[in-house]
Amino acid sequence: MANTIALVGNPNSGKTTLFNALTGSNQHVGNWPGVTVEKKEGQFRFQDQVYNLVDLPGTYSLGAFSEDEIIARDYILQGHPDVVINVVDATNIERNLYLTTQLLEMGAKVVVALNMVDEAESQQMEFDLDALSKRLGGVQVIPTVASRRRGLDKLMEATVTEINAPLRNGATSISYGPELDVKLATLTELLSIGDLRYPGTWLALKILEGDDSAQKIVLNDQVLRGSEELGAFLKEVAAHKSELELEIVDGRYRFVKEVTSGTVLRPTEAVRTKTDCIDRVVTHKYLGLPIFALIMLGVFQLTFVIGEDLLGELFANGVEYLSLLVAGGLEALGSPDWLLSFVSEGIFGGLGAVIEFIPLIVMLYLLMGLLEDSGYMARAAYVMDNTMRALGLQGKTFISMIVGFGCNVPGVMATRTLESRKDRMIATLINPFMSCGAKLPIYLVFIAAFFPSYGGLVLFVVYTLGILIALLMAKIFSETLFKGETSHFIMELPPYRLPTLANVIRNMWDNVSGFLTRAGTTIFMVVSLLWILAVLPLGVEAYGPESILGRIGVFISPLFKPAGFGNWQAAVGLFSGIAAKEAVVATLGMVYAGVEEGVELVNAIRGAFTPLSAASFMVMTLLYTPCVATISTIKKETNSWKWAVFAAGYTFSVGWLMAVLVFQVGTFLGFS
Amino acid sequence: MDRLPLAGLNEGDQGKVTSIIAGGQATKRLYEMGFNTGAKIKVIKNDRGPIIVTLGSNKIALGRGLAEKMLVSKE
Ligand SMILES: Nc1nc2c(ncn2[C@@H]2O[C@H](COP(=O)(O)OP(=O)(O)O)[C@@H](O)[C@H]2O)c(=O)[nH]1
């Protein structure tokens with residue numbers, strides 16, 4: 001069986017980069033059982049052996065502070081990886097070794113990848129690797145530059161050696177001060193009578209640290225629960241909780257200091273002029289926000305110009321060519337008419353309309369990935385903190401909102417990095433207003449039909465409106481449903497780094513392939529189902545108002561009359577959007593006369609809407625009920641159907657109200 | 001040597017953390033991120049919004065609320 005290696009490290013230590021460098025394209029993303037935290041796994045070959053690599057969530061510590069930390073430490077203790085590679089940011093070695101210390105406490109087999117040594121070198125830092133290794137109790141320390149794939153072979157050699165080495169049984173003893181050491185020994189002794197699946201010293205330490213989950217493990221044990229001595233000890237611990245836990249943290253940092261003193265040399269002051277210069281501008285009191293807005297505008301403008309103008313046409317022609325080819329082939333084979341109709345109208349008319357937007361989605365994710373990988377996102381959170389605070393939230397909530405721009409599913413999932421329930425609930429409920437990538441094609445069709453020369457600007461306005469509505473709702477929620485104190489803001493601002501191309505492309509591909517998978521499954525099913533609804537009952541004009549689909553549209557369309565798009569086709573489009581937002585364009589493509597290419601759809605839209613009703617329709621699409629996948633994620637994350645249904649319902653009301661408002665005010669002002 | 005809240009320091013000021021009274025979770029998190037007693041910090045930015053400090057070679061933004069609860073001895 002292949003050996004399993006776990007990857008742990010602080011956020012921004014280069015863990016993702018190392019994971020990508022080792023596994024290349026041979027990786028897949030799943031979920032940790034029972035929770036929605038992303039689990040990345042991959043395989044790679046080294047010296048004719050296959051290894052599994054498991055990427056654990058990036059954390060500062062292995063306590064019970066967040067779900068991420070619990071997952072990481074439970075995996076190390078109970079997932080039984082053969083070895084743990086601990087990615088350490090060399091320029092930040094002191095803080096990073098805090099985590100290493102905790103790995104040693106667990107008795108895990110560890111290899112340290114001393115990453116970013118290139119940056120450390122340029123800061124004139126020096127390391128005595130042998131001494132470092134010795135003081136860490138023999139843990140091998142291998143310098144790497146993950147972004148340039150340097151040191152990976154050495155790292156793997158060390159890892160293999162460590163896999164084959166015997167287990168170190170508490171070989172590294174860390175002193176937390178004389179008093180605590182005695183307490184620790186006493187507690188370990190007390191625990192030794194129980195039948196526990198965790199190392200005793202580690203559990204004892206965690207209990208002293210005030211870790212509730214460790215205490216629970218102990219109290220779940222039959223024998224230990226009955227021990228009076230232990231009970232008295234725990235009471236004593238509880239009384240001094242806060243001092244004890246800080247003493248232990250201090251103890252770890254003392255250990256780190258012993259490890260690094262004399263082995264890590266750095267010039268008196270770290271020089272980060274480049275980062276400081278950029279920060280002076282982008283975090284500026286007045287300029288920060290406008291710069292953030294400009295960057296986002298630039299992202300959308302570039303997405304539009306390159307994704308649509310340059311590549312969109314190419315793709316559209318490709319799809320059309322393919323469609324003709326397949327239809328020709330089917331005809332030559334003498335296929336029945338219904339199959340021909342299904343393929344050319346249902347599949348190519350519907351799905352094709354989705355596929356044409358791939359270049360756009362690729363562009364959007366590439367640019368967002370660049371912002372993320374360069375370190376700018378943390379500044380965005382910083383810049384937004386003031387605004388968010390005024391609304392009763394903190395700046396970090398804005399990051400989950402930005403993730404929502406890609407897709408609301410990871411957007412909602414990203415709220416779990418928020419520690420307070422209030423922040424999480426509000427951030428979850430407002431995430432659907434962040435316009436996801438799948439809605440982009442809808443706007444593009446309407447832009448092409450009515451506002452072709454203002455593409456980037458219109459997109460920017462749409463996205464900004466989404467943000468504003470989200471913020472407004474956040475304010476309302478924080479004063480009604482979720483009162484309470486605004487949580488604290490703690491955010492590391494990593495130095496700006498040249499983005500690693502492999503990371504950016506990897507991230508883009510994860511998202512685009514997700515989109516493609518959805519296009520191939522959910523959207524395909526929705527499109528097929530809609531096609532069936534559109535041609536039944538037999539004998540009616542396909543996609544006509546007499547078809548089942550048409551009748552559904554006719555039935556619900558009066559609801560949208562005040563918003564200016566009371567036609568049944570538009571209603572059908574919105575209806576299908578609840579299944580998947582990608583299906584809206586596909587459906588519009590189908591119901592507007594079996595469209596096979598973009599231009600026809602655009603013309604049909606131009607006939608059915610006015611610029612004003614196009615605007616109100618875009619507003620509706622932006623705000624109304626999110627797709628089923630998002631609703632079910634909200635259910636999973638909040639653990640309640642009530643909130644999921646609430647999210648689906650209130651977004652619809654908000655969307656409808658705003659669409660009506662746009663149309664009525666617009667009409668009043670004399671637009672049409 | 002005065003002890004004052006971090007929020008009261010000016011840009012460019014340096015100091016050492018003497019204590020944090022921010023409640024269990026937040027205090028521990030700050031400790032674990034390296035703001036333990038005696039840690040040397042330097043204020044980079046303190047005008048509006050969170051305060052940016054350097055801690056070692058690290059740059060960290062702290063909300064104003066927290067910065068009120070971290071006591072620092074100015075140097
Ligand atoms: N100079 C340098 N940059 C690196 C190295 N490893 C990663 N990076 C960059 O550091 C940033 C953070 O890396 P990432 O892998 O996303 O960190 P994670 O948060 O630990 O997953 C990215 O911009 C990477 O391109 C390295 O060894 N040297």
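Everything numeric in this text was worked out from a predicted model, so none of it was measured. Reckoned from all heavy atoms, side chains included, excluding hydrogens, waters and symmetry mates. The chains referred to below are lettered A, B, ... by the order of the sequence lines, with proteins before strands, and numbering in each begins at 1.
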* Do the ring planes of A:Phe489 and A:Tyr382 sit parallel (below 30°), tilted (30 to 60°) or perpendicular (above 60°)? -> tilted
* Pick whichever of B:Leu30, B:Ile60, B:Leu66 has the most heavy-atom pairs under 4.5 Å with chain A. => B:Leu66
* Asked: Is it the side chain or the backbone of A:Glu94 that comes within 4.5 Å of chain B heavy atoms, both, or neither?
  -> neither
* Structure fact -> Counting heavy-atom pairs under 4.5 Å with chain A, the top scorer among B:Gly49, B:Pro50, B:Gly65 is B:Pro50
* Asked: A:Asp211 and A:Arg73: salt bridge (charged side-chain N to carboxylate O under 4.0 Å, His left out), yes or no, with the steps?
  -> CA-CA 13 Å; A:Asp211 187 320; A:Arg73 82 164 196 214; 2.8 Å; yes
* Side chain proximity check, A:Glu119 to A:Met125, heavy atoms < 4.5 angstrom -> no
* Asked: Got a donor-acceptor contact below 3.5 angstrom from the A:Arg266 side chain to the A:Gln123 backbone?
  -> no
* Between A:Asn10, A:Val256, A:Thr283, which has the largest tally of heavy atom pairs under 4.5 Å with chain B? -> A:Thr283
* Structure fact -> Ranking A:Val249, A:Asp250, A:Asp385, A:Leu246 by heavy-atom pairs under 4.5 Å to chain B gives rank one to A:Leu246
* Kindly check if the number of other-residue, nucleotide or ligand heavy atoms within 6.0 Å of CD (A:Glu179) is above 12? => no
* Interchain contact, B:Ile20 with chain A, by part (heavy-atom threshold 4.5 Å) -> neither
